[in-house]
Amino acid sequence: MDKSFEPGQIEPKWYAQWEAAGAFKPQGDGTPYCILLPPPNVTGTLHMGHAFQQTIMDALCRYQRMRGARTLWQGGTDHAGIATQKIVENQLAATGKTRHDLGREKFIERVWDWKQESGSTISNQMRRIGASVDWSRERFTMDEGLSAAVRRVFVQWYRDGLLYRGRRLVNWDPVLMTAVSDLEVNNEEKDGSLWSIRYPASDGGEGLVVATTRPETMLGDVAVAVHPDDERFQQLIGKSLKLPLTDREIPVIADTYVEREFGTGCVKITPAHDFNDAQIGARHKLEPIVILTLDAKIVDEAPAAYRGLDRFVARKKILADLDALGLLVETKKHKLQVPISQRTDAVIEPMLTDQWFLDLTSDVRVDGKPGPGGRTAITEPALAAVRDGEIRFVPENWSTTYNQWLENIQDWCVSRQLWWGHQIPAWYDEAGNIFVGEDEADAIAHADITPVGALKQDEDVLDTWFSSALWPFSTMGWPGPSPVSEGGAVVADWSKDQAFIPSAVLVTGFDIIFFWVARMVMATQYFTGKVPFREVYINAIVRDAEGQKMSKSKGNTIDPLDLIDGIDLESLVQKSTASLLIPQVREKVEKRIRKDYPEGIGAVGTDAMRFTFAALATYGRTINFDLKRADGYKNFCNKLWNAARFVLLNTGMGNGESGVGTADSSHRTCHGVAPDQPETAAEQWILSRLAATLDEVEAQFRTYRFDLVAQALYEFVWNDYCDWFLELSKPALNGGDAEAIASTRLTLLRVLEAILRALHPITPFITEEIWQSVAPKLGIPGDSISARRYPHRDEFATGIDAAFVNDIEWLKSVLGEVRRIRSEMNISPGKQIPLLFAKGDAEDHARIDRFASQIAFLARTECQRWLADGEDEPASASAIVGDLRVLIPLAGLIDVDAEKARLGKEIKRIEGEIGKCNGKLGNATFVANAPAAVVDQERQRLADFSSTLAGLREQLARL
């Protein structure tokens, strides 16, 4: 092994070897275990959320492979209809063209070209973080096999009376010119206004004053609603009003939806442009009036003064005209939630359009034929799957989110007005009749009527989430029966691969429980009769060290590869500001980066980054990623590396000896045959600690507490193995007992090899590299640690004597107290010291006799003895271990007067710091106005200083 751990040199080597060896393919005849990769955008790049989530999935897959499961991590990418089309349209716009200049066919070819160019970026990045996906089965949602599954599902749902075409309100992006799902909409709080407008009564009376935040939509008003119990307006219910700026009259209706206390208590009803108004309009059988075109301009049927105006230009003109007529009663500032498109930043419009919907709310078929509707056939089974325990959420509270959404679900708009995606397999004849089939011939063959004239295919495509909903079974080759090939290679075979349904666990974020998780449950149950997964682990969202959402405009995003490889400051600034167009934002981001990363980002390697993610993976909703934690786990990797070098150097490696023998019970060592049982108490102790740690790791893996898995492994490796066992092994290795030497060497190697296996799912690269040097020493065959069994307590717990374990815990306590005194008294670690013992019981006497040589070696004592009965204790620093007093005489070790002076000076300094803290915390203005984090920091400083002061005073008292 090299002297230092250099992750950049070993990581690419090992990943290439694993992939070439087919290490990630399902193997053996163990229990099937499957994880589905949430398919990332095919043109996307890896971000911290991806890296975190994929670390968790990879740890689970590697763990299960090593436990003997037939493990499949099914990967692939999503065609991401809107995002991908927008990228290519932006490329065309840079050349002064639109997709319409190319036409649909040529545009689709252009998108495929872009997919081929950029589609492998994210999969290559995944390889960099060690993701052990079975790349031979990689799927893409627009592959022919998956496209065939999409067509089959659409056709089947349609023929089962569950898919229908209808004119309903949808979220409409007037820039993209398509319906979008709720997932593509951010509701942002904006400063707006609440305008009060008088609608005169038709009989010449004053009428009513309505309050609205969107006066431009009044051109589509069909009524004014009041609460039925509002005494102010009882006499007007059922009468009519003159709609200002038009020649129409509209009724006053009563509806309990109206909030009497909000605004004027009167609400204008515009069913064609507001989701709530649409429900009111339906209840009162009011015909909606569309007043906006699909690009958000006023329609030609509106009053002439407003035709063709942009919606916001029309707003200003309408308000001016109302004011001129004396009908604008009041304008008030108002905070409101505005729906904003994630893709274009345009304000979303509720738009009445013809769309395809999947029925999720009806008890009977929507086509009028006998049979169950969507609520019965799709929604209720999805609810029952969680209610009956077939699917379990982790943490469990997320099941409430799932249930609430399904219980209040609306029909799913599955159509999008895009060109990139799965074109809807529906055709229309010249009379407007609909024909649905897997192709045109199939559509005609299954129709109840003969087409009138030629057929034309629907130009819309399916929502991206439609194909993603089929991911659990479409990736497995459904509907069969033949194996599915892509690019000449078989990627799925339904006859075999359906064994991976249900998959073991879905790892995903809470933000797509509605859009992906629930829809996978719906589709998979309907078409396979199984649930898609047994458990859903909802991972936290990654934020920055201060808990802020990561955003390019804030300059607090981190590219995982920059953390792995490192990046200098100027390159980081350039990378982070390149896509920021607004100068003020760019300047702000640059300033933040230079402040937060003055030296750039140092390389920590993949393993340290992965260990950081695991250590942060609690059940919390968010995790704060701090680069300092990653640096700490880089130190952990270095510690493991150096410990392995120590073990190899002390077990014959490098001095011409080939190793210590075989991995079975007849371990041979470089000095003969190792005993069947460990010879020393230290060995028994470390094996018992290893067994306990493996118990803990297994328990925490079961509950997805990756933070506790990481904690247990970290504490065992750092504290038990490196800090204690390596030290405890030195007396034996340097002693004259050949059997103890052989046994200790074997245990050093056995435990190290077990550590490497236990850590491998989280830190795969460093463990593989070290294992390659350790395995031959134990006579372990095989090309990779990934093919080894995950360690189990039974390998190490047999024949452990609890008395020996207790002896070592006692010895650790004694040595720990001696080291503490050395540190507190500033006694050099290399300086030999006298050691005295007082009091104690018979067992203490026996242990001190038994471990005298170890104490002398590890505590660096020049002598050690018991105080005689009646002998006075010399001036000493002391500690207590049970009934035993451990004394270090100070004479000759330190200059007592100089030490007293030093302590006195330090006590005064700490008292001064405490005074400053108390001054700040005693200032009510500081406590009230300073940020909470600053106040908390000051309180922590006070607590730390107080603890230090107490220790210093105790030291001074001893002197």
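Remember, it's a predicted structure, so these values are computed and weren't measured experimentally.
- Residues satisfying the ring pair (Phe, Tyr, Trp, His ring centres under 6.0 Å) test with Phe857, not counting sequence neighbours, are none.
- Donor-acceptor pairing under 3.5 Å is recorded for the side chains of Thr680 and Glu683.
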Begin with the C-alpha distance, continue with both residues' side-chain angles, and end with the deciding distance and a verdict on side-chain hydrogen bond (donor to acceptor under 3.5 Å, both in side chains) for Ser571 and Asp568. CA-CA 6 Å; Ser571 299; Asp568 65 81; 2.8 Å; yes
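- Between the Glu138 side chain and the Thr77 main chain, no donor and acceptor come within less than 3.5 Å of each other.
- A side-chain N or O of Ser784 and one of Glu768 form a donor-acceptor pair less than 3.5 Å apart.
- A cation-pi geometry, defined here as NZ or CZ lying under 6.0 Å from the six-membered ring centre and within 45° of its normal, holds between Arg705 and Tyr619.
- Every residue meeting the ring pair (Phe, Tyr, Trp, His ring centres under 6.0 Å) condition with Tyr63, not counting sequence neighbours, appears here in chain and number order: Phe701, Tyr790.
- You'll find the side chain of Phe500 reaches within 4.5 Å of the side chain of Pro26, heavy atoms only.
- Stacking of Arg62 on the aromatic ring of Trp18 is recorded, both the 6.0 Å distance cut-off and the 45° axial limit being met.
- Side-chain contact of Ser4 with Glu6: a donor-acceptor pair under 3.5 Å is present, judged by distance alone.
- Contact record, Asp2 with Trp641: O-NE1, 2.9 Å, taken as the closest heavy-atom pair.
- For the pair Arg137 and Trp73, the cation does not sit on the ring face, since its NZ or CZ is not both under 6.0 Å from the ring centre and inside 45° of the axis.
- The residues Glu727 and Lys812 are annotated as not salt-bridged, no charged nitrogen and carboxylate oxygen being separated by less than 4.0 angstrom.
- Between the side chains of Ser743 and Glu679, no donor-acceptor pair is found at a separation under 3.5 Å.
- Side chains of Tyr33 and Arg67 form no contact here, defined as non-hydrogen atoms less than 4.5 Å apart.
- Cation-pi check for Arg819 over Trp724 is met; the charged atom lies under 6.0 angstrom from the ring centroid and within 45 degrees of its normal.
- The closest donor-acceptor contact from the side chain of Gln64 to the backbone of Thr71 lies at 3.5 Å or more, if one exists at all.
- For the pair Asp58 (side chain) and Gln54 (backbone), a donor-acceptor distance under 3.5 Å is absent.
- Arg850 has a carboxylate O that lies under 4.0 Å from a charged side-chain N of Asp807, or vice versa, which qualifies the two as a salt bridge.
- Between the side chains of Ser132 and Arg65, a donor-acceptor pair is found at a separation under 3.5 Å.
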